[in-house]
Amino acid sequence: AQKVTQAQTEISVVEKEDVTLDCVYETRDTTYYLFWYKQPPSGELVFLIRRNSFDEQNEISGRYSWNFQKSTSSFNFTITASQVVDSAVYFCALRGTQGGSEKLVFGKGTKLTVNP
Amino acid sequence: NAGVMQNPRHLVRRRGQEARLRCSPMKGHSHVYWYRQLPEEGLKFMVYLQKENIIDESGMPKERFSAEFPKEGPSILRIQQVVRGDSAAYFCASSPPSGGPGEQYFGPGTRLTVT
């Protein structure tokens, strides 16, 4: 079975602080994909990143960075110098490759509040 | 290039009525997925469809729920005889044809309220 755990239910920081959102996953697939989505208060889901299981290179995009470690089955997301506009619920998701389905398995999300 | 479109954005139904949720995938996308988000919860997969085919419906409740993606027109998620517990946000996502690990692009969701 596949599972994604986001242990942090809510995080509150002050603007300009760095914040890391944790994501731990479980899968028996040898090839899989990991995703992060952002859900702002308006409710839509915004795709942030996809990472393949065979590519452990960390990625940076502006103030966002992702740390993928297969050894600990983690795919953590760091926001540097947080801003109020970063306030949202962030979801980590996993997609396996066995069985033909392409469904995403989501964690329960981490609600990030950035205070001015 | 228009994104995934869902309508209606908000839907209110009384218990026992039917709810029909529509999803138009992005242009060029032939795979559609439906997810349900209960209050304060993450998204849960319901069904995965390609044109005229249901590929994976392992997340669909056994009764009252059905989905289709006809050759022409949008994908429809249909809930018959709605109950209060069906109140949730229903998201549709689409992806390009297989051949790569295409990310799923989500629509804005339909928020169903059952009174």
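A, B, ... follow the sequence lines: proteins, then strands. Residue 1 opens every chain.
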For [X], does the [atom1] atom sit with more than 12 other heavy atoms under 6.0 Å from it, leaving out its own atoms?
X	atom1	value
K3(A)	NZ	no
K70(A)	NZ	yes
E56(A)	CD	yes
K44(B)	NZ	yes
K108(A)	NZ	no
R15(B)	CZ	no

Inset, instruction - Indicate the ring-plane relationship of Y105(B) and F47(A), choosing parallel, tilted or perpendicular according to the 30° and 60° boundaries. - result: tilted
Inset, instruction - Could you pull out the closest heavy-atom pair between Q37(B) and F91(A), with the gap in Å? - result: NE2-CZ, 3.4 Å
Legend entry - For the student: nearest non-hydrogen atoms of P108(B) and E44(A), plus distance: CA-CB, 4.3 Å
Quick one: [atom1] on [X] to [atom2] on [Y], what's the gap to the nearest 0.5 Å?
X	Y	atom1	atom2	result
Y37(A)	Q104(B)	OH	CD	5.5 Å
L43(B)	Q39(A)	CG	CD	6.5 Å
L104(A)	F45(B)	CG	CZ	9.0 Å

Legend entry - chain B contact via Q6(A) - side chain, backbone, both or neither, heavy atoms under 4.5 Å: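 The answer is neither part of Q6(A).
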